[in-house]
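Quick caveat, the model's predicted, so the values are computed rather than measured.
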Amino acid sequence: MESMLNKLKSTVTKVTADVTSAVMGNPVTREFDVGRHIASGGNGLAWKIFNGTKKSTKQEVAVFVFDKKLIDKYQKFEKDQIIDSLKRGVQQLTRLRHPRLLTVQHPLEESRDCLAFCTEPVFASLANVLGNWENLPSSISPDIKDYKLYDVETKYGLLQVSEGLSFLHSSVKMVHGNVTPENVILNKSGAWKIMGFDFCVSSSNPSEQEPKFPCKEWDPNLPSLCLPNPEYLAPEYILSVSCETASDMYSLGAVMYAVFNQGRPIFEVNKQDIYKSFSRQLDQLSRLGSSSLTSIPEEVREHVKLLLNVTPTVRPDADQMTKIPFFDDVGAVTLQYFDTLFQRDNLQKSQFFKGLPKVLPKLPKRVIVQRILPCLTSEFVNPDMVPFVLPNVLLIAEECTKEEYIKLILPELGPVFKQQEPIQILLIFLQKMDLLLTKTPPDEIKNSVLPMVYRALEAPSIQIQELCLNIIPTFANLIDYPSMKNALIPRIKNACLQTSSLAVRVNSLVCLGKILEYLDKWFVLDDILPFLQQIPSKEPAVLMGILGIYKCTFTHKKLGITKEQLAGKVLPHLIPLSIENNLNLNQFSSFIAVIKEMLSRLESEHRTKLEQLHVMQEQQRSLDIGNQMSTSEETKVAHSGSQIDKVFNNIGADLLSGSESENREDGMQGKQKRGSLTLEEKQKLAKEQEQAQKLKSQQPLKPQVHTPIAPIKQTKDLTDTLMENMSSLTSLSVSTPKISASSTFTPVPSTGLGMMFSTPIDNTKRNLTNGLNANMGFQTSGFSMPVNPNQNFFSGTGTAGVTTMSLGAPPTMSNFSPLTIPPASVKQPQQRPTDMSALNNLFGPQKPKVSMNQLSQQKPNQWLNQFAPPQGSPVMGSAAMGTQGNVMGQAAFGMQGNPFFNPQNFAQPPPTTMTSSSSASNDLKDLFG
């Protein structure tokens, strides 16, 4: 990258140095800025041609510079001769003014280092185009290197040279004397211009009919720049030292030969022996046949042969050459007409411009852009000609690239966009609006093109409004959305509402219907549809236009009408319109079809919405019921379990700590309940609060449908566990020798649900005893049993020395029904026998054991029922228990109907009295030992 920059820098520096050294100090630089070296021309291609601009007007020019360093090798008198010859040619060119001669913008200026003058903008010399690149910069421009002449350019160029010679011969009475490719210049527009009047010869008798032209003898000792090019010089110059206008025509024939032969002349001349070369050339010319001119087009071949004739009088003159059929080409004639356009009146111009669109497709693009387009745009200053010129300019714009359009055409169209008269200008622009919007930059569209469309919509001419409304949909996709929404649509609506023309109103509705797809849905619903209700007229065409907009909006995938709009605004507007008296049967049918379709859509959408809402409400209701049921079950299980836990734990604690609790009065029980909590109770309370906080922070549970999995049966020997608890209870009871007459059972907090008699010492064993989970959250409560001294503990009424304990039911009964165990002699209804495997293992024959999962899936009442004897099974005998026909509860505790297992007692523990006996320990030993 750095090497490329250095190379570019060196190239720019070198070019700048060349330019600076070439024109430094020349007075031309005071008024003109000199650009880059682009070409070379003149005799021997001695003149370097540069781009330039005039400082005051920024007008583009070409600067011809002759660097005196080229002639440093010559002696002083030879240098003077060369300078004088060059000056003479430029001065003669400056005096002559003709369209076929190169136009001088600034006369010759001389400085110590160079000669310079300025002309119209120049592309290159014909010699450069034909491949002679002498005195060009080292890096030849690709424009010159790749330049190829089109046939129309060649024809019209030779015609222009012929016209220039005709002007010199007929009007000026002058012989050019050096018509060569070096002295034919192609200007910026591609026109061929003559220069190089260094060796021109004026008539010695201009007033006479037959002009005479003096001729100088060829001097081979002169520098080459002081002599014409002998390869294009007529033979009579050298051999007879004479010249006339026919001599220039010979040179024209040699130029035509070179043009059709890639720049090669017909003869090559040995400049050292010029006379011998011309003598040989004369013989060849006399025997010149058509075979030597095969590269020349056939229609001009004979004329070239005539021009190269040895006899001057046989050669056609310049005026005759301009009239040969070869130059009657359509393209050449068109270009020739453009060159004489300033001489025509408006009628002739209008006729020519009308036929020009047929000719333009036959011409090369370069010719059109360089030669025709400038002539057309120059006519924009004439408003009457603009309607005739503008179609051709826009036709050329279609063939141009976007860059060419922006550079060459758009600047010329700017003033035309603002012209309002004649009205045809607006019509032409509207017809080509897609072209303008495609190639014009967005800023220019906003500033120049769209305002013209807005003016058309607001124009007083109905024809203009109709045309504009018909054309807008064709280029609506090229208009930016803000301009369409804020400027175009409001003007279309105004045209529809304010016009008195039915055609304009209908076309406005049709236009809106066609551009709906380019609009936003909510803009249509909020702006376009309400506008339809403001239209005052009720003609069938207008009504059908309104219906069309509704239908397009309703059926379009991008747009659509909401059911709220349908029900509230659209249908209330359409239904009254459908019964207008002006509508015929087909129009009425169209209205009804659209209305039915809208109603059907409205019904289906709203029905779908209601069905979805109904399904959601049903789902929500089922969720609420499920949540309520699960909550009530959990509360019920927790309440029952906590009461069971309280009863079992308090019974075990009271039996184990009877000696301590008997010293307390019943009145102290409530006080202890309200007293300070123990450390264990506080820890438990803290855990419960923490658990409650976690439950609050959790998301609500959602019911899930799952397939129940069959529980894995794991059997546990509850009998062994129960036996262990009973053994420990017996040992503790035996170790207590006395039971006070009045004792109170204190509530003992429990962490699990115990089995009949629980020990606070071994909570783990107690938790495993009943097969339930210790963390089920059951709360324990106190259970107090006042001792009655008149009752025996483990005997019937007649047993002495045993304390009797009775359990009384509370006055308020809970929802639990009494669980009574009928005698063995009474038959129960046929039902599933209750599993009492635990007690049967203790008091009777072995039965199948109950698994932990089976127990965990049963309700508390069912679990308690497992401890009742099955139907028909014998209860413990009265001899062992001290009572007749009673179950274990009656024998052990003296309870009637087994109130110990009544769930009503779990809700509120009843007061119980117990009488101590000295034989209690012995009875326990007899019972459990």
Atom NZ of Lys493: over 12 foreign heavy atoms under 6.0 Å
yes
Is it true that the side chains of Arg505 and Ser501 contain a donor and an acceptor less than 3.5 Å apart?
no
Less than 4.0 Å between a side-chain N and a carboxylate O, is that true for Arg491 and Glu458?
yes
Within 45 degrees of the axis of the six-membered ring of Tyr337 and under 6.0 Å from its centre: does Arg344 put its NZ or CZ there?
yes
With a 3.5 Å cut-off and sequence neighbours excluded, list the donor-acceptor pairs that the side chains of residues 379-397 form with protein atoms.
unit_1 : atom_1 : unit_2 : atom_2 : d
Glu379 : OE2    : Lys349 : NZ     : 3.4
Asn382 : OD1    : Asp384 : N      : 3.4
Asn382 : ND2    : Asn346 : OD1    : 3.2
Asn392 : ND2    : Phe353 : O      : 3.2
Asn392 : ND2    : Phe388 : O      : 3.0

Does Gln534 have more than 12 heavy atoms from other residues, nucleotides or ligands lying within 6.0 Å of its CD?
yes
With distance as the sole test, does Thr474 use its side chain to make a donor-acceptor pair with the main-chain N or O of Ile471 at under 3.5 Å?
yes
Between Ser448 and Glu444, a side-chain donor and acceptor under 3.5 Å:
yes
Determine, for Lys365 against Glu399, whether the closest basic-nitrogen to carboxylate-oxygen distance falls under 4.0 angstrom.
no
Polar contact flag, side-chain donor to acceptor under 3.5 angstrom, Ser483-Asp480
yes
Does Lys193 reach the main-chain N or O of Gly164 with its side chain, forming a donor-acceptor pair under 3.5 Å?
no
Measure from the side-chain N and O atoms of Ser141 to the backbone N and O of Asp143, and report whether any donor-acceptor pair falls under 3.5 Å.
yes
Would you say the side-chain atoms of Lys439 pair up with the backbone N or O of Cys400, donor to acceptor, closer than 3.5 Å?
yes
More than 12 heavy atoms of other residues, nucleotides or ligands under 6.0 Å from NZ of Lys514: yes or no?
no
Decide, yes or no, whether a salt bridge links Asp151 with Lys155 under the criterion of side-chain N to carboxylate O below 4.0 Å.
no
Between Glu60 and Lys54, does any NZ, NE, NH1 or NH2 come within less than 4.0 Å of an OD or OE carboxylate oxygen?
no
Report yes or no: do Tyr405 and Thr440 form a side-chain donor-acceptor pair below 3.5 Å?
yes
Does the gap between the ring centers of Phe117 and His106 come in under 6.0 Å?
no
Are the aromatic rings of Phe352 and Phe338 close, with centres under 6.0 Å apart?
yes
